[in-house]
Novice: 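Here you go, one structure.
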Amino acid sequence: MPMWRLSSCSSSSRRLVNDAKLRHMLGLKLNYSTISVSSCRAVVLPRFGGADVLEIRDNVELPDLKPHDVLVRARAVSINPLDTRMRSGYGRSIFGPLLPLILGRDVSGEVAAIGGSVRSLNVGQDVFGALHPTAIRGTYADYAILKEEELAPKPPSVTHVEASAIPFAALTAWRALKSTARISEGQRLLVIGGGGAVGLSAIQLAAAAGCHVATTCGTQSVNRVLDAGAEQAIDYTAEDIESAIKGQFDAVLDTIGVSETERVGINFLKRGGHYMTLQGEAASLSDRYGLFVGLPTATAILLKKQCQYRYSHGIEYSWTYMRADSEGLDEIRRLMEAGKLKVPVDKTFPITQVKDAHEAKDKKLIPGKVVLEVD
């Protein structure tokens with residue numbers, strides 16, 4: 001069988017992807033030796049800075065697929081806060097030597113090719129998923145490469161735009177609630193900053209698990225978090241949080257992560273409870289002092305806080321990050337399919353207008369989720 005070379009901008013690309021779908025329908029499983037994409041259009045970050053530094057390049061080389069890799073023809077990719085922060089220089093101690101980068105973590109699209117060891121996915125199948133925060137090659141491209149465990153079949157009832165908004169945020173919340181705090185039915189969860197994608201995902205995951213959820217948010221998010229399953233929504237712009245919140249909690253997920261929210265969250269925890277913040281200091285300290293000083297310093301700070309809070313409050317303290325988890329992604333997929341997990345998309349842009357989209361997020365012109373559509 002011949003080796004195919006595809007260009008993302010050519011009509012031959014569309015014909016071969018359609019051919020892949022036909023083969024999939026006929027039950028023929030393709031591997032990477034059948035269809036190969038050598039280059040594609042991608043949004044490249046050549047240096048750190050504002051939205052204007054982003055470049056769209058037409059012929060960005062694609063690496064060969066490894067045995068467990070999946071090549072995804074992207075249809076939609078979402079913009080996460082991590083993307084705009086990385087673009088501005090967050091994580092420069094890690095990513096600086098590796099420039100140019102391709103940003104993006106979430107993706108929804110179609111399987112274009114698979115590595116030889118992939119068993120759970122087929123060419124032509126609609127999938128969605130997310131890359132690890134430290135991935136060098138992101139998803140702002142016509143084609144993205146993810147590991148098999150970083151992807152799941154997209155529910156037919158969910159569009160590519162809707163699906164691309166969910167996995168990175170939901171997996172971040174899933175790791176905190178299910179892997180770290182191990183929440184269970186009947187427990188109480190406090191989400192500080194429930195209006196964002198991670199907060200909304202946490203509320204829905206906890207509600208689906210039978211937990212009682214309270215959250216803080218801005219005025220514009222009150223109805224949204226209540227619709228997501230929160231039993232109490234405290235508008236931090238109009239209410240005193242400490243007076244409004246009643247009782248104590250088994251777990252607190254702090255998506256804001258400043259000293260004041262940490263103090264409030266920890267004081268609302270029961271003994272044996274879990275405080276989890278998204279704002280770990282490993283990357284920021286490494287950026288400030290370099291990897292060889294920053295990482296040990298961050299580890300020392302984390303250990304100190306863990307010991308301190310175990311002794312003073314009897315609680316567990318942790319920094320939480322997203323990681324690929326096939327079990328978590330499968331649960332997220334099932335909840336999406338049942339209509340129990342959604343992240344509203346406030347605006348979409350074509351990927352060719354990625355600079356405008358990033359600038360809008362920088363200026364806080366769009367408070368909610370933004371998705372780039374890939375055509």
Novice: Do the side chains of Ser108 and Thr159 get nearer than 4.5 Å, heavy atoms only?
Specialist: no

Novice: What's the separation between atom OG1 in Thr134 and atom CE in Met86, rounded to the nearest 0.5 Å?
Specialist: 9.0 Å

Novice: Do NZ/NE/NH1/NH2 and the carboxylate oxygens of Asp362 and Arg87 come within less than 4.0 Å?
Specialist: yes

Novice: Can a donor-acceptor pair be found between the side chains of Thr219 and Asp235 at a distance below 3.5 Å?
Specialist: yes

Novice: Could I get the full list of salt bridge (charged side-chain N to carboxylate O under 4.0 Å, His left out) partners for Asp250, not counting sequence neighbours?
Specialist: Lys270

Novice: Do Val43 and Ile351 come close enough that some side-chain heavy atom pair is under 4.5 Å?
Specialist: yes

Novice: Keeping the roles fixed (side chain from Ser221, backbone from Cys217), state whether a donor-acceptor pair exists under 3.5 Å.
Specialist: no

Novice: Please indicate whether Arg182 has more than 12 foreign heavy atoms, meaning atoms of other residues, nucleotides or ligands, lying under 6.0 Å from its CZ.
Specialist: no

Novice: Test: ring pair (Phe, Tyr, Trp, His ring centres under 6.0 Å). Region: residues 267-308. Which pairs qualify, not counting sequence neighbours?
Specialist: Tyr275-Tyr317

Novice: Checking Lys347 against Phe349: charged group under 6.0 Å from the ring centre and within 45 degrees of the axis?
Specialist: yes

Novice: Could you check Arg224, Lys361, Lys369 and say which one makes a salt bridge (Lys or Arg N to Asp or Glu O under 4.0 Å) with Asp346?
Specialist: Arg224

Novice: How would you list, by chain and number, every residue that makes a salt bridge (charged side-chain N to carboxylate O under 4.0 Å, His left out) with Glu239, sequence neighbours excluded?
Specialist: none

Novice: A side-chain contact here means heavy atoms from C-beta on lying under 4.5 Å apart; do Thr215 and Ile234 qualify?
Specialist: no

Novice: Could you check whether atom CG of Asp375 has more than 12 heavy atoms from other residues, nucleotides or ligands sitting under 6.0 Å from it?
Specialist: no

Novice: Kindly indicate, with the supporting measurements, whether the criterion side-chain contact (heavy atoms from CB on, under 4.5 Å) is fulfilled by Leu177 and Leu189.
Specialist: CA-CA 9 Å; Leu177 302 185; Leu189 169 70; 3.9 Å; yes

Novice: Measure the spacing between CD of Glu185 and NE2 of His212 and express it to the nearest 0.5 Å.
Specialist: 8.0 Å

Novice: With side chains defined as the heavy atoms from C-beta onward, is the minimum distance between Met322 and Leu171 less than 4.5 Å?
Specialist: yes

Novice: Taking the six-membered ring of Phe168, is NZ or CZ of Arg105 closer than 6.0 Å to its centre and within 45° of its axis?
Specialist: no

Novice: Check the pair His313 / Gln308 against side-chain contact (heavy atoms from CB on, under 4.5 Å), numbers first and verdict last.
Specialist: CA-CA 8 Å; His313 291 74; Gln308 171 191 334; over 6 Å; no

Novice: Output the distance between atom CZ (Phe128) and atom CG (Leu329), rounded to the nearest 0.5 Å.
Specialist: 4.5 Å

Novice: Using every non-hydrogen atom in the two residues, find where Ala130 and Asp106 come nearest and quote the distance to one decimal.
Specialist: CB-OD1, 3.6 Å

Novice: According to salt bridge (charged side-chain N to carboxylate O under 4.0 Å, His left out), who are the partners of Asp69, at least two apart in sequence or on a separate chain?
Specialist: Lys147

Novice: Do Thr320 side-chain atoms and Leu278 backbone N/O form a donor-acceptor pair below 3.5 Å?
Specialist: no

Novice: Mark yes or no for whether Ser78, through its side chain, and Ser164, through its backbone, hold a donor-acceptor pair below 3.5 Å.
Specialist: yes

Novice: Which ILVMFWY residues can you reach from Val345 by hopping between side chains whose heavy atoms are under 4.5 Å apart?
Specialist: Val161, Val371

Novice: Using a 3.5 Å distance criterion without hydrogens, assess whether the side chain of Gln204 forms a donor-acceptor pair with backbone atoms of Lys342.
Specialist: yes

Novice: Would Leu372 and Leu101 show up in the same hydrophobic cluster when neighbours are defined by side-chain heavy atoms closer than 4.5 Å?
Specialist: yes

Novice: Which heavy-atom pair separates His358 from Ala51 by the least distance, and what is that distance?
Specialist: CB-CB, 3.8 Å

Novice: Salt bridge (charged side-chain N to carboxylate O under 4.0 Å, His left out) with Glu373: which residues, sequence neighbours excluded?
Specialist: none

Novice: Is it possible for you to say whether Tyr236 and Leu190 belong to one hydrophobic cluster, with membership spreading through side-chain heavy-atom contacts below 4.5 Å?
Specialist: yes

Novice: Treat each ILVMFWY residue as a node, draw an edge where side-chain heavy atoms are under 4.5 Å apart, and state whether Val198 and Ile366 are in one component.
Specialist: yes

Novice: Do Val252 and Ile266 have side chains that approach each other closer than 4.5 Å (heavy atoms only, starting at C-beta)?
Specialist: no

Novice: Are the side chain of Asp325 and the backbone N or O of Glu327 linked by a donor-acceptor pair below 3.5 Å?
Specialist: yes

Novice: Any side-chain heavy atom of Ser88 sitting closer than 4.5 Å to one from Arg85?
Specialist: no

Novice: Measuring from Lys340:NZ to Glu331:CD, what's the distance to the nearest 0.5 Å?
Specialist: 10.5 Å

Novice: If we check side chain to side chain donor-acceptor pair (under 3.5 Å) with Tyr309, which of these qualifies: Lys304, Glu262, Glu316?
Specialist: Glu262

Novice: Check the hydrophobic clustering (I, L, V, M, F, W, Y; side-chain heavy atoms under 4.5 Å; chains of links allowed) and say if Val77 and Ile136 are grouped together.
Specialist: yes

Novice: Just so I know, are the side chains of Val127 and Val70 near enough to count as touching, which here means a heavy-atom distance under 4.5 Å?
Specialist: no

Novice: For Glu337, is there an ion pair with Arg333 - N to carboxylate O distance below 4.0 angstrom?
Specialist: yes

Novice: Report yes or no: does Thr84 contribute a side-chain atom to a donor-acceptor pair with the main-chain N or O of Pro81 at less than 3.5 Å?
Specialist: yes

Novice: Nearest heavy-atom pair of Leu365 and Pro367: which atoms, and what distance?
Specialist: O-CD, 3.9 Å

Novice: Is there a donor-acceptor contact under 3.5 Å from the side chain of Asn80 to the main chain of Asp83?
Specialist: no

Novice: Going by the side chain to side chain contact (heavy atoms under 4.5 Å, CB included) test, name the single residue among Leu131, Leu62, Leu103 that passes it with Arg137.
Specialist: Leu62

Novice: Within the distance-only criterion (no hydrogens, no angle test), does the side chain of Arg188 pair as donor or acceptor with the backbone N or O of Gln248 below 3.5 angstrom?
Specialist: yes

Novice: Quick check: does any side chain N or O of Glu149 sit under 3.5 Å from a backbone N or O of Ala324, one acting as donor and the other as acceptor?
Specialist: no

Novice: Among side-chain atoms of Glu281 and Trp319, is any donor-acceptor pair under 3.5 angstrom?
Specialist: no

Novice: Decide yes or no for Gln125 and Glu110: does some side-chain heavy atom of the first lie under 4.5 Å from some side-chain heavy atom of the second?
Specialist: no

Novice: Check whether Ser39 reaches the backbone of Glu61 with its side chain - one donor and one acceptor, N or O, closer than 3.5 Å.
Specialist: no

Novice: Taking Leu82 as the starting point, is it possible to reach Ile94 by hopping between hydrophobic residues whose side chains are less than 4.5 Å apart?
Specialist: yes

